[in-house]
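Counting from 1, the numbers follow the sequence of the chain as shown. Here the structure is a predicted model, which is why all the values come from computation and not from measurement.
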Amino acid sequence: MSTPRTSPLAGRRPTRADLPAFAASPQDALVDVLPDPARGQVLRLLIVGINPGLWTAAVNAPFARPGNRFWPSLHRAGLTTRLVDAASGLEEEDEEDLRERGIGITNLVGRATARADELSTAELRTAGEELTRRVAALRPTAVAIAGITAFRTAFGDRKARLGIQDPQTIPHWPQGVTLWVVPQPSGLNAHATVETLAGTWREVAAGADVPISQPTSEGE
């Protein structure tokens, strides 16, 4: 059964003054989005962010900071029914849309930071091992990790490139679970656009049998 999602700020957007308090958020600063097997929902695609930013922790919603290309690219790819605005929190309707499609969202590291480069090598290595155990338990069809630099550190592969990975290079990675590394969707990543990210999401979703919708005009 999924955990009810509540926003620490009761549904309002954080201000700049609010954000520093969330740097001290507990290890799991964000509630995962996961399909509910008790309701017949199947986990097809597990999307893994690096760790929650302060805005994300403040509203308890993944990839929530305005300017992040995650939700626009997911919608452009047809993985959401409508364009999600998570800046004040994730609407129940939007979360259920993801679950019904078999899409889950989690993070490598649960601790919130202002920037991902504040995470230590040891923290990321431990997180990689923990993710491998979680994937073995959850058994998604595919996993997509958003961020090549953190992936290289977490799994000790300095030569890894974006795209589909060879799971045999990951110790104890469960058989039959496809592994992708996709570009970081943050607005700080100048090499990725909504369109290029959407193309990647379509490819990942096709291999995981995730249902695709025709994007609405608001996502154009």
Side-chain angles (χ1 to χ4, degrees), residues 3 5 8 14 18-34 43 45-65 67-70 86 103-140 142-192 197 200 204:
T3 303
R5 184 175 301 278
D18 290 322
L19 295 179
F22 292 93
S25 292
Q27 183 63 22
D28 294 318
L30 177 66
V31 175
D32 292 339
V33 175
L34 289 174
L43 181 57
L45 172 60
L46 182 63
I47 298 172
V48 183
I50 304 310
N51 75 306
L54 302 186
W55 191 300
T56 282
V59 300
N60 190 19
F63 300 98
R65 190 177 187 90
N68 194 296
R69 301 181 182 100
F70 177 78
I103 298 173
I105 304 176
T106 189
N107 284 284
L108 267 172
V109 176
R111 182 172 70 89
T113 61
R115 300 191 316 270
D117 62 10
E118 295 176 41
L119 301 175
S120 70
T121 296
E123 200 169 10
L124 285 165
R125 290 285 177 87
T126 298
E129 293 170 359
E130 176 59 25
L131 178 66
T132 300
R133 288 191 288 269
R134 288 197 71 197
V135 169
L138 293 171
R139 300 298 306 186
V143 173
I145 298 175
I148 186 64
T149 301
F151 175 83
R152 288 170 177 159
T153 302
F155 294 98
D157 186 353
R158 294 179 178 272
K159 297 182 179 180
R161 297 289 182 267
L162 291 168
I164 197 165
Q165 306 296 307
D166 178 0
Q168 293 187 357
T169 64
I170 309 297
H172 311 298
W173 190 261
Q175 278 192 322
V177 179
T178 305
L179 176 60
W180 291 79
V181 180
V182 300
Q184 169 63 255
S186 166
L188 297 175
N189 182 4
H191 300 290
L197 287 165
T200 299
V204 172

Q: Kindly indicate whether the side chain of Arg111, heavy atoms from C-beta on, has any atom under 4.5 Å from the side chain of Leu119.
A: yes
Q | Residue pair Val33 / Arg5, side-chain heavy-atom distance below 4.5 Å | A | yes
(Q) Testing the basics here: between Pro174 and Val135, what is the closest heavy-atom pair and its distance to 0.1 Å? (A) CG-CG1, 3.5 Å
Q. What distance separates Asp32 CG from Thr106 OG1, expressed to the nearest 0.5 Å?
A. 3.5 Å
Q. What pairs with Asn107 under side chain to side chain contact (heavy atoms under 4.5 Å, CB included), at least two apart in sequence or on another chain?
A. Leu30, Pro52
Q: Please examine the side chains of Leu197 and Val182, heavy atoms only from C-beta on, and report whether any two atoms are closer than 4.5 Å.
A: no
Q: Kindly say whether Lys159 contributes a backbone atom to a donor-acceptor pair with the side chain of Arg161 at under 3.5 angstrom?
A: yes
**Q.** Side-chain H-bond candidate by donor/acceptor type, Ser186 with Asn68, under 3.5 Å
**A.** no
Q: State, with a plain yes or no, whether a side-chain heavy atom of Pro14 is found less than 4.5 Å away from one of Phe22.
A: no
Q: Output yes when a side-chain donor or acceptor of Glu129 lies under 3.5 Å from a complementary backbone atom of Thr126, and no otherwise.
A: no
Using residues 142-155 as the side-chain source, report each donor-acceptor pair under 3.5 Å to any protein atom, sequence neighbours left out, with the distance given to one decimal.
from   : atom 1 : to     : atom 2 : distance (Å)
Arg152 : NE     : Ala160 : O      : 2.9
Arg152 : NH2    : Ala160 : O      : 2.8
Thr153 : OG1    : Thr149 : O      : 3.3

Q) What is the minimum heavy-atom distance between Thr56 and Ala61, and which atoms define it? A) CG2-O, 3.1 Å
Q) With a cut-off of 6.0 Å (strictly less than), are more than 12 heavy atoms of other residues, nucleotides or ligands near CZ of Arg65? A) no
Q. So which heavy atom on Ala64 is nearest to which on Val59, and how close?
A. CB-CG2, 3.6 Å
Q. Which atoms form the tightest heavy-atom contact between Ala116 and Ile50, and what is the distance?
A. CB-CG2, 4.2 Å
(Q) Counting C-beta onward and ignoring hydrogens, is there a side-chain heavy-atom pair between Thr132 and Pro171 closer than 4.5 Å? (A) no
Q. What residues form a side chain to side chain contact (heavy atoms under 4.5 Å, CB included) with Glu130, not counting sequence neighbours?
A. Arg133, Arg134
Q. Out of curiosity, Thr178 OG1 to Leu46 CG, how far, rounded to the nearest 0.5 Å?
A. 12.5 Å
Q.
Could you check whether any side-chain heavy atom of His191 comes within less than 4.5 Å of a side-chain heavy atom of Pro183, counting everything from C-beta outward?
A. no
(Q) I want to check something: taking the side chain as every heavy atom from C-beta on, are Gln165 and Ile170 in contact at a cut-off of under 4.5 Å? (A) no
**Q.** For Leu19 against Leu54, the heavy-atom pair lying closest together
**A.** O-CD1, 3.6 Å
Q: Over all heavy atoms of both residues, which pair between Pro185 and Phe63 is shortest? Give the atoms and the distance, please.
A: CG-CE2, 3.8 Å
